[in-house]
Undergrad: 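Before we start, here is the structure in question, set down as structure tokens.
Since the structure is predicted, the reported quantities are computational estimates derived from the model, not experimental observations. As the structure lists them, so they are numbered: ligands from 1, and atoms in each ligand from 1.
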Amino acid sequence: MNKRFYVTTAIDYVNGQPHLGHAYEKVITDVIARARRSFGEEVFFLTGTDEHGQKVQQAAQAEGKSPQAYCDELTAKFQAMAATLNVSNDDFVRTTQSRHKAVVAAMLNKLHAQGDIYKAPYRGWYSWKEETFLTDKDRGPDGTFDPFWGEVKELVEENWYFRMSQHQSWLIEYLEANPTFVQPDYRRNEVLGFLKAEKLADLCISRPKARLSWGIPLPFDPDYVNYVWFDALTNYYSIPVALGDAGAAAPLGEHYVPGPGQTPPVPGIRLWPADLHVIGKDIIKFHAVYWPIMLKATGIPLPKQVLVHGWWQKDGAKMSKTTGNVVDPIAVVKEWGVDAFRYYVVRELDIGPDGNWTDSGFKARYTAELANGLGNLVNRSLSMLRRYRQGIVPARSDELAPDLGKAACQLFGQLKASELQAALVTIWGVVNRANQYVDQTAPFKLAKDPAQASRLDEVLYNLAETCRVLAVMLWPFLPDTAVKIFQQLALPGAPDKLAGTTWGGLPAGHQIGEPQPLFPRKD
Ligand code: MSP
């Protein structure tokens, strides 16, 4: 089996309800995964939930539930949201699964056996709320800690440390030699800036069970559980190993012992190294510093790329449950349809900078670009074909072929580079060109003049074929809409291969189906 294009999202904390940020990351990753499938590549798309740690333990306690019961409930909501958004993940990892825990234990055992993990006492100021030790740098000018940190107490603890500091210069060199490892460039520069300015400390990878029991036990010291970030990052690698990717498992050697309740291995599966980790800007240090060092130290090849997206605000302010300033993706999908949601988030926000959700901006794009743009084009093209030619496709004509060929070529490059916003601009270039073509050729006038019958045939062919090509182009972004266009054209198969953008796929004499509005106007 060939190595698959392996793409991941961050795994979501289950200490609250899924929101726009979670939904956005899943949608952009889904578009990338579908785009690769439409190139004909084999893809493996992983998403999931991050279920251990203090935040989850506290959230469960607050609801009077056992952590596992609490996680089961919330994970079901994250899974339901992914399904509602038409996210085409191949697997869903939960860090409480034994298949994942077995790999975390193996990595810890190997690092321990190599002497990369050691025990040492630590005295420091501890924030219970944020589950982290603070330093003097976290103190305000008056010497106190910001209320953000909640209760801060001095704590002396023995803990286990991972020797991370010794890899600092290697990582700097690696990031400099591999400029695409972290993208966009300004995010990579941020990581390099940090690595050059500060000395990396060794990473505390344990929490005493006495204060946190909800985690993966350290296999070599039962009084401790694993630090949640070490556990969580490993998900990207644990699932390939659990699914039977022999090359992935090899570096773990005899340290890896599959857990009980293991999913049956997929014969010949090859996933690792991951091709792409899609994450938000707040967790870049974990993915571009801790994760590569963890892998390097364990002797595991590094992922190819970490792609960092920005954060959404609503109406120019941080989204917050307490002020009610939130966007509920499920409610938006119920009112406007899943493809309207997918379209808006990808079109509005390029992968990189921060974005701002406004309901008026959403409605404006829906009306102009979906209803009046794409929807109107498909509806009038198909309606005219039915009205003037009983829905029978005329002989092939290539008037718009050069424009569409150019767009398809551009689109391929943009999809390959994960430039999703630009890719939608390219597709809407086609939508606008075709709508302009209707206005310029005025088929409703041609239809009144019998001498213009063959010109009308040409125009109707170009429009119907453009609709077919658009369905193929749209599939990674708006899969339901793409399928609907194919259905209205009464075409067999699915619009799910980019090769289908080649002009001339609509055969003369083919009978199309009934046009239906794709994006009903809501006034
Ligand atoms: N559990 C960790 C990730 C572990 S990955 C090994 C975590 N979870 S999270 O639920 O807080 O965030 C999950 C993802 O959602 C992150 O990539 C984060 O950046 C993203 N977002 C959370 N809020 C967001 C916005 N308001 N806007 C866009 N993305 C946001 O971090």
Undergrad: Backbone, side chain, both or neither: what part of Phe286 comes under 4.0 angstrom of ligand 1, heavy atoms only?
TA: neither

Undergrad: Among Arg94, Lys55, Lys77, Lys26, exactly one meets salt bridge (Lys or Arg N to Asp or Glu O under 4.0 Å) together with Asp12. Which residue is that?
TA: Lys26

Undergrad: Which atom names give the shortest non-hydrogen contact between Leu212 and Gly53, and what distance separates them?
TA: CD1-C, 3.7 Å

Undergrad: Please find out if less than 6.0 Å separates the ring center of Tyr343 from that of Tyr366.
TA: no

Undergrad: Considering only heavy atoms, which of Trp291, Tyr236, Tyr24 lies nearest to atom 6 (C) of ligand 1?
TA: Tyr236

Undergrad: Taking salt bridge (Lys or Arg N to Asp or Glu O under 4.0 Å) as the criterion, tell me which of Lys3, Arg36, Arg4 meets it with Asp275.
TA: Lys3

Undergrad: Enumerate the atoms of ligand 1 whose separation from the nearest heavy atom of Ala232 is less than 4.0 angstrom.
TA: 6 (C)

Undergrad: Can you pull out the closest protein heavy atom to atom 27 (N) of ligand 1? Residue, atom name and distance to 0.1 Å, please.
TA: Trp312 N, 2.9 Å

Undergrad: For atom 29 (N) of ligand 1, what is the closest protein heavy atom, and at what distance to 0.1 Å?
TA: His309 CE1, 3.2 Å

Undergrad: Pairing donors with acceptors under 3.5 angstrom, does anything connect the side chains of Thr47 and Asn89?
TA: no

Undergrad: Could you tell me whether Trp229 and ligand 1 have an N or O pair separated by under 3.5 Å?
TA: no

Undergrad: Polar-atom distance check: Asp50 versus ligand 1, any N or O pair below 3.5 Å?
TA: yes

Undergrad: Would you call Gln313 a ligand 1 contact, heavy-atom distance under 4.0 Å?
TA: no

Undergrad: Which is closest to atom 21 (N) of ligand 1 in terms of heavy atoms, Trp311, Tyr290, Trp357?
TA: Trp311

Undergrad: Is the gap between the ring centers of Trp336 and Phe341 under 6.0 Å?
TA: no

Undergrad: When you check the gap from the basic side-chain N to the acidic O, do Arg270 and Glu42 get nearer than 4.0 Å?
TA: no

Undergrad: Report yes if some heavy atom in the side chain of Leu295 is under 4.5 Å from a heavy atom in the side chain of Pro301; otherwise report no.
TA: no

Undergrad: Do Lys137 and Glu198 have side-chain heavy atoms sitting under 4.5 Å apart?
TA: yes

Undergrad: Could you tell me if Thr49 and Thr75 have a donor-acceptor pair between their side chains, going purely by distance under 3.5 Å?
TA: yes

Undergrad: May I ask you to say whether Arg211 pairs ionically with Glu157, meaning some side-chain N is under 4.0 Å from a carboxylate O?
TA: yes

Undergrad: Decide whether the shortest distance between a heavy atom of His19 and an atom of ligand 1 is less than 4.0 Å.
TA: yes

Undergrad: In the protein, what heavy atom is nearest to atom 19 (O) of ligand 1, and what distance, to one decimal place, separates them?
TA: Asp282 OD1, 2.6 Å

Undergrad: Give yes or no for whether the N/O distance cutoff of 3.5 Å, strictly under, is met between Glu25 and ligand 1.
TA: yes

Undergrad: Is His287 touching ligand 1 with its side chain, its backbone, both, or neither, if touching means heavy atoms under 4.0 Å apart?
TA: side chain

Undergrad: Please list, in number order, the atoms of ligand 1 under 4.0 Å from a heavy atom of Met319.
TA: 26 (N)

Undergrad: Does ligand 1 have an atom under 4.0 Å from some heavy atom of Gly16?
TA: no

Undergrad: Record the part of Asp12 in heavy-atom contact with ligand 1 below 4.0 Å; permitted values are side chain, backbone, both and neither.
TA: both

Undergrad: Starting from atom 9 (S) of ligand 1, which protein heavy atom do you reach first, and at what distance in Å?
TA: Tyr13 CD1, 3.8 Å

Undergrad: With atoms numbered from 1 as shown, which atoms in ligand 1 lie under 4.0 angstrom from a non-hydrogen atom of Gly280?
TA: 17 (O), 19 (O)

Undergrad: Flag Ile11 as yes when one of its N or O atoms lies below 3.5 Å from any N or O atom of ligand 1, and as no otherwise.
TA: yes

Undergrad: According to side chain to side chain donor-acceptor pair (under 3.5 Å), who are the partners of Arg365, at least two apart in sequence or on a separate chain?
TA: Glu348, Glu369

